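Report on the following structure.
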Amino acid sequence: MGHQPHLVSVVGALLALAGPMPGDEQIVPPWFVHPAGTHQGWDFSDLAERPPPEPPYPPDAGVINPFGRPAMTIGGDGATGVASYQGRPTCWNLVPGSTMTFTIPNVGIPAPTITWLQITYWSSVDTRPRIALTGSSEIASWDVPVGPPGSGWRWNGSIHVSEFCLPLLIASLMPAPDDAPYIDRAVIDTICVFDDDPPAGDRATPEPEPCGDDVNGGCDDLPTQFELVTPGTPISGTAWAAAGRRDTDWYEVVIDEPAHLHWAASTRFPATLRILDDACPPNVLAVAHTNVGPVGGHGATFAPDLPPGTYRLFIAPGSSAGPILDGLPCDAGMNDYAASVSVLPSLIAPPPNDACDEPVDIVAGATAFTTLDADTDGLPHTSCQFDGQTYHDIWFRYVATCDGTLTLSTCNDAAYDTDLVVYAPDAPCPPDDAFVLGCNDDAPGCAGFTSEVTVPVECDAAYLLRVGGWGATDQGEGVLTLTCTGEACTGCPCAWDLDGDCVVGPADLAILLANWGRPYDAGDLGELLADLGCAG
């Protein structure tokens with residue numbers, strides 16, 4: 001590699017003593033951990049041991065830096081260290097006008113630098129703190145919620161490049177306007193690119209083929225061939241393009257829980273990166289291209305909110321203009337790449353009725369719902385719109401309180417493109433086409449591609465209801481309104497028996513008040529009170 005020998009030996013000794021591993025809210029740089037790289041993390045756990053502020057704070061969540069001692073200081077109008085906030089221990093509250101500054105020693109040479117900055121934060125305006133990084137430009141960033149559910153905590157990752165490796169890298173976080181964020185964790189990885197080789201870390205897994213061979217050609221090969229990789233793994237590989245052909249490398253990764261998937265690479269040639277599903281031909285979930293800037297080629301792509309399953313990671317010579325099929329023979333000396341795959345746990349619990357065989361009982365009226373982080377366990381149906389599939393589906397069970405028709409509606413009352421399906425009584429899980437009573441994607445006169453469907457129902461029969469999205473990325477929150485129109489069931493003559501127990505009482509009043517103004521109002525309250533005590 002041509003690195004300075006004393007740097008390699010110093011870092012090698014440090015690696016033998018301590019090797020940080022990525023935490024639940026870290027993604028792994030392609031060079032993790034490279035002899036010319038640094039790694040430092042703060043989770044502020046020492047706030048529990050001593051009262052703030054007593055900066056500078058050294059890293060307390062793992063560090064490898066042979067060039068000096070990293071530190072964090074608080075400046076400006078100051079900040080408050082707190083024992084816990086919204087379920088997270090030991091974090092800093094940055095008041096307006098305050099600054100959190102990290103100083104990262106480095107070798108100090110005229111060479112390009114890549115910096116990855118990862119922070120876990122809480123914001124009242126869902127905006128990450130402003131980032132200032134000496135002499136650098138931000139080329140990519142991602143921002144996603146992390147748990148616990150509803151807590152407001154978010155994770156942000158950003159990649160910065162600069163033309164010079166400074167002896168002291170200075171990164172600062174400052175509150176966005178009208179915000180006072182809490183910072184729970186910060187991780188900073190850097191590498192100064194000493195020569196033309198892509199920075200593969202010494203933990204990298206070699207690609208299982210030399211340049212010129214093709215043993216992981218994925219969907220481009222018959223039979224298909226994929227190389228299984230573990231999340232948190234850097235990869236070292238090669239690629240080529242000559243005589244109208246190119247080497248395509250396909251990797252496969254399995255995630256067990258809802259998660260965000262990150263795929264990054266540093267290359268010596270222009271390359272295309274893709275995150276794909278497990279079909280052939282595949283559906284593209286995210287794409288990026290390495291650039292030709294001051295750090296050679298570097299690119300990263302991010303696919304958020306994925307359900308558990310198998311995914312493919314693709315890298316090949318290419319650019320935003322299309323595939324590169326020539327000019328990169330194996331003897332070009334520019335064939336190497338370093339890559340990494342990371343999984344960032346969603347930490348958002350799926351809805352309780354995510355599974356078909358665990359539906360939530362529902363009654364007439366309006367019910368708030370969410371399909372966020374729900375998977376898709378129902379089948380597509382030939383009678384339903386688009387591709388027949390209802391994505392990110394959740395399930396309800398409704399017992400009819402009338403002989404007539406049941407109308408399900410998210411019309412004008414959901415924040416995403418919804419799908420609705422109603423199944424006949426005694427439907428198995430998952431129901432097939434034979435049990436579909438009705439389905440709808442876009443209802444006339446309903447904004448935002450919301451839905452409405454009406455089906456015939458019979459008294460006391462139990463119907464399975466499915467609520468989801470039009471496409472693979474459509475999920476969100478809304479209100480599902482059920483209306484049973486027809487003759488009331490014998491034995492339950494009370495119109496205001498909202499919970500279907502044949503008695504109008506406190507439980508029905510609670511349902512009405514919980515949905516006040518949607519669809520009930522003051523006149524409905526009078527009618528319910530007049531029927532109070534009515535029994536079948």
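Keep in mind it's a predicted model, so treat the numbers as computed, not measured.
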For the atom pair [atom1] ([X]) and [atom2] ([Y]), what is the distance rounded to the nearest 0.5 Å?
{"X": "Ile109", "Y": "Cys165", "atom1": "CD1", "atom2": "SG", "result": "5.5 Å"}
{"X": "Ile114", "Y": "Ile159", "atom1": "CD1", "atom2": "CD1", "result": "8.5 Å"}
{"X": "His160", "Y": "Ser158", "atom1": "NE2", "atom2": "OG", "result": "3.0 Å"}
{"X": "Leu168", "Y": "Thr134", "atom1": "CG", "atom2": "OG1", "result": "8.0 Å"}

Between [X] and [Y]: side-chain donor-acceptor atoms closer than 3.5 Å:
{"X": "Trp240", "Y": "Thr238", "value": "no"}
{"X": "Thr190", "Y": "Thr115", "value": "no"}
{"X": "Thr267", "Y": "Thr290", "value": "yes"}
{"X": "Asp77", "Y": "Ser98", "value": "no"}
{"X": "Asn65", "Y": "Gln40", "value": "yes"}
{"X": "Thr272", "Y": "His289", "value": "yes"}

Taking [X] for the side chain and [Y] for the main chain, is one N or O donor matched with an acceptor at less than 3.5 Å?
{"X": "Trp470", "Y": "Gln389", "value": "no"}
{"X": "Trp153", "Y": "Gln86", "value": "yes"}
{"X": "Asp354", "Y": "Ala374", "value": "no"}

Using side-chain contact (heavy atoms from CB on, under 4.5 Å), reason through Leu313 and Ile315 one step at a time and then give a plain yes or no. CA-CA 7 Å; Leu313 310 167; Ile315 182 170; over 6 Å; no
Assign the ring pair Trp31 / His298 to parallel, tilted or perpendicular, where the plane angle (0 to 90°) is split at 30° and 60°. tilted
Parallel, tilted or perpendicular: ring planes of Trp142 versus Phe302, cut at 30 and 60 degrees: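 Trp142 vs Phe302 ring planes: tilted.
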Walk me through whether Asp43 and Arg185 qualify under salt bridge (Lys or Arg N to Asp or Glu O under 4.0 Å). CA-CA 4 Å; Asp43 63 14; Arg185 184 176 300 172; 5.5 Å; no
List the steps, then state whether side-chain contact (heavy atoms from CB on, under 4.5 Å) holds for Val28 with Thr233. CA-CA 7 Å; Val28 179; Thr233 301; over 6 Å; no
Cationic N near anionic O, under 4.0 Å, Arg130 to Glu138: no
Which of these, Asp143, Asp184, Asp179, sits in a side-chain hydrogen bond (donor to acceptor under 3.5 Å, both in side chains) with Tyr121?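 Answer to the side-chain hydrogen bond (donor to acceptor under 3.5 Å, both in side chains) test with Tyr121 among Asp143, Asp184, Asp179: Asp143.
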Option passing side chain to side chain contact (heavy atoms under 4.5 Å, CB included) with Tyr311 (candidates Leu276, Val254, Val341, Leu285):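 That would be Leu285.
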